[in-house]
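Read the structure below first, then the notes.
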Amino acid sequence: MVLLGWWVGQPAESRAAGAAADCSLAQPDKLHVTSRLAFHRQRPDFIEVEQTTSIWGTEQQWGADIAEALTLSAESPKYREAMRCLLTPRGHPPEWQTTSPQATKHGDRVTLHYESWNLIDSAGRFTIGPWTVDVRPDHDWKAALQAPRTLTGASWERIEVDPGGLGISAARPAGEADIDRHGRAWKNHPPPVEARLVPPQDFAPQLSPHVAWIGSLGIVSWWISASGVIATSAWRFRRKAEGTPEKAATRALTNTVLQWAGLSAALGLTLLLLLRSSSGVHSWRALIVIASGLALVLLAKPWSSFMQGADDSRNGIKARHAIVASTTSAAALGLLVIAAPHLFGLEWNLTPTVPPTTSAIVGLVLLNLSALWLWLTAIAAWAWRFASEGKLGGAAWGSGVRHPLRRIAVIGSSLAVLAALLVACRLLAFEFMWERADWLGQARALFGSGYTGALGRQLADFASRGPQWVYAYTWMLTGIALVALLHSSSRTRPDTSLGPQGVDLLLVTGVFAIIVALRSALFAGSVAALYGLWLPLNMAALYAMVKVGRRWSVLGRVSHKAEKDCVVAELSTPAGTQRLMDDARKCRDLLHQLHLVDHGRKGDADRHGLEEQLRSLHDWRPGRCRHNCLPDSVSMVDVALGWGPHPRWWENALNAARWAALFGILPSMVTAWYAKAYGPHHWAHTLNSPVGIPDTAGTFLAQEMSFAGAGLVLGALWRVLPGERGPVRAFYLFVAWLVPIGVVAGLDLGIGHQQLGEQVLSIILMLMVLTLTSMWMDTDTFSRERPYWMRRLGLLASIYHVHGLSGQLAFLFAQLVAVVTIWSQIIAVTK
């Protein structure tokens, strides 16, 4: 708090440039100038604009004072005043400087080389050096160069506009055509000049406020669809669990999930209709956020997990009192700032009084901490409740805890630290923005007040914007709720089928659509009308793949020939699984010996005996089955690999989820880097965003959860997906994800090639992770043989020796080649 007081107490004047000075040049008509404006699109959601301006002349032509000032340090007040004279700063948002535009001196010649850039992501006027770009919806953009007052009469040697991939529809004056990719150039022509640019077709909709509202409604429709999926799943699960021994636990979990389904949809509508469109007045917006966060925590009832047994009732009461006291205290702190802003030197709308005081900023920081802590606690409370009632990770999480208050204190303190880090990132982003605007002394004019007053308004706005950012990640709670239902459903009855059926299959498709295919929803969101339909489209694609592939899976073909459920009954017992694995190992040994005979390493006399032994193994008759159950093309090894390493499909799902999360760490890091830091200036833009740094970590965690969810779906459907080896099963899951993207792309709704390429790239990365996961699942199936192999790769070669490990590695290498090829195409499009 002392550091905060020192920071906000710095006077605005200390951050601005020095006092005004004479801006006249000695001989401006003798100076030479060139300027170039270039457009680049490296991301679908913004367009980068760069300018390069060079001014040179003799020291006498500059004037001794300005020439000397330009060669000083960039932090010097004289240097900044000289640059302000030359650039005449104006407009919003402020630009970024590529490098410090310090002048160089060679003999009597002084040359100033100035590079800067800006990002176009909305409608408005953008300034880049001496250029302005007017961006309007449904109109061509206008890039114009107006000479600064101090350079009137200078010799403008060359002016260029490079549109990149945008195209130029008109220019005044006409200038030279076909310069640098159909750009425009003017030689020895003084400003003003302008060029009309045609924006990309898929970029124009985000500029219109009406289209933005439709897009927001599309996002809410996705949340409502997700709520509908979990509500339907919970209701069907409750009906299925009627009459089971765990009826009471099932009813508690379904009630919790149904409650969250209603809250999730209601919160989405509230944040959209009441908070998204409003600005200026912050007190009632902050009130809604504080009240919503407090209600979410109390409705989650996280203390219920400490009251699972009779002996835990005292712990449960302690936990309830501690949680209620801490959350109401945090809410009361925020409400105090809202209800009595004058105590902190704030106006009724939470803006600082004039002159601003340190207490005002401290009050707004406390308001932000209160709101963020409540919402982070709400997410943790609901996740805790789902995991506890769904028995994720074993028994109830709070049952048997001897010191519940200690655990609650640790969790609450950790969330408080996280909330403080979010506020610190907001302060850091504002500091970067202020410094960017104030290096030429225009920050006060841009923000409408001094440093502390502008910071106060930013913090007042963040009190509602921050929790909205937190809410954007509550889709993870929906995914956790579905996984909890799926786990509980797998425990209500013994496995009598090869894989999920009925409500279990509905839950698996829901996990696939909400957790795995969520990033592709952003792709569909480029067409706002399709946003809400993306979730059922993905569910239908996976459902169809399972229904079609179940009959053609290895175990499906075996069960079909058996004409009974004897295969599942046999393999569900430890003895039956052991017999299968013993026969599968014998089959592999015999096949290896046949391979040696074929290559002349063993006598041909052994072939007949080996073939007889293989035929005897192929005559597999599980209990209660009167005839051979194996089709001609299916071996015992295929049956073992199709069954997976665990007796229950839920255990196979967990095993695959762990491996997918592990293999997905590197792709998740690459995804977060590309989303937030790819390109020469993207990271600078991320640092200037209020939630840029937290969103980078959030992108990584979201991608990791997506990989883990994909592994969960693959493991759950392991026995019903077609293919004799794991990588083939992973490929069919890849197809189920690719089909909706192909359908949307085939409708020709203005989706750009770059967006399509990024989506295909993301699912190929997912395929690589699932391919590695499936290969490790195959080795886990024969895990009892691991002591005989020095490395897992050796066991893998032994398992795949019939079809060849080289073929599986070639499949993986082909995916890597596809990733590199698509990436190079995306880079080529953005250049």
Side-chain angles (χ1 to χ4, degrees), residues 234 238 241 244-264 266-267 289-336 366 369-420 467 470 474 476-477 480-481 483-485 487-488 491:
R238 172 185 284 186
T244 63
E246 298 188 0
K247 177 181 177 181
T250 298
R251 182 176 293 274
L253 176 60
T254 53
N255 287 339
T256 302
V257 172
L258 288 171
Q259 189 178 23
W260 170 250
L263 285 174
S264 178
L267 282 174
V289 167
I290 295 290
S292 300
L294 178 61
L296 281 176
V297 177
L298 297 181
L299 289 174
K301 299 179 181 179
W303 55 82
S304 60
S305 61
F306 296 95
M307 308 174 72
Q308 298 295 324
D311 296 337
D312 296 330
S313 59
R314 180 175 299 179
N315 286 341
I317 294 174
K318 291 181 179 179
R320 180 177 60 188
H321 290 167
I323 293 174
V324 171
S326 59
T327 52
T328 52
S329 298
L333 181 62
L335 292 175
L336 177 64
L366 293 177
L369 289 174
S370 171
L372 287 170
W373 187 85
L374 285 172
W375 276 76
L376 291 173
T377 303
I379 289 183
W382 282 99
W384 179 284
R385 183 83 178 272
F386 292 142
S388 175
E389 295 183 353
K391 303 297 188 295
L392 295 178
W397 288 21
S399 179
V401 176
R402 303 181 64 178
H403 302 287
L405 299 184
R406 184 180 302 172
R407 176 176 292 188
I408 292 172
V410 170
I411 296 175
S413 300
S414 301
L415 294 176
V417 171
L418 181 57
V470 174
T474 55
M476 295 183 179
L477 291 179
I480 295 173
V483 173
L485 286 174
H487 182 222
S488 296
R491 298 172 63 251

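These figures come from a predicted structure and were not determined experimentally.
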Practice task
Might you point out which heavy atoms bring Pro467 and Val289 nearest each other, and give the distance in Å?
Solution key: CG-CG1, 3.2 Å
Practice task
Check whether any side-chain N or O of Trp375 sits under 3.5 Å from a backbone N or O of Leu296 as a donor-acceptor pair, and report yes or no.
Solution key: no
Problem - Backbone N/O of Leu366 and side chain of Ser370: donor-acceptor pair under 3.5 Å - result: no
Handout entry: Where Ala234 and Thr254 come nearest, the two heavy atoms and their spacing
Key = O-CG2, 3.4 Å
Practice task
Compare every heavy atom of Leu253 with every heavy atom of Glu389, then report the nearest pair and how far apart it is.
Solution key: OE1-CA, 3.3 Å
Practice task
Examine distances only and state if a side-chain atom of Ser388 and a backbone atom of Trp384 form a donor-acceptor pair shorter than 3.5 Å.
Solution key: no
Completion exercise
Value for CG (Leu477) from CZ (Phe386), rounded to nearest 0.5 Å, stands at 6.0 Å
Practice task
Could you tell me which non-hydrogen atom of Leu376 sits nearest to which non-hydrogen atom of Ala419, and how far apart they are?
Solution key: CD1-N, 3.8 Å
Problem - Shortest non-hydrogen contact between Leu374 and Ile290, atoms and distance - result: CD1-O, 3.8 Å
Exercise for the section: Show your reasoning for whether side-chain contact (heavy atoms from CB on, under 4.5 Å) applies to Trp382 and Gln259. Expected result: CA-CA 11 Å; Trp382 282 99; Gln259 189 178 23; 3.7 Å; yes
Practice task
Verify, without hydrogens or angle tests, whether Arg320 (side chain) and Trp303 (backbone) share a donor-acceptor contact under 3.5 angstrom.
Solution key: no
Handout entry: CG-OG1 distance between Leu267 and Thr474, expressed to the nearest 0.5 angstrom
Key = 7.5 Å
Handout entry: Gap between atom CH2 of Trp373 and atom OG1 of Thr327 - 0.5 Å precision
Key = 6.0 Å
Exercise for the section: Measure the shortest side-chain to side-chain distance between Ile411 and Thr377 over non-hydrogen atoms and say whether it is less than 4.5 angstrom. Expected result: no
Fill in the blank from the handout: Tightest non-hydrogen contact, residues Gly390 and His487, listed as O-ND1, 2.7 Å
Practice task
Would you give the length of the straight line joining atom CD1 of Ile323 to atom NZ of Lys301, rounded to the nearest 0.5 angstrom?
Solution key: 12.5 Å
Problem - Nearest-0.5 Å distance, CG of residue Leu405 to NE2 of residue His321 - result: 11.0 Å
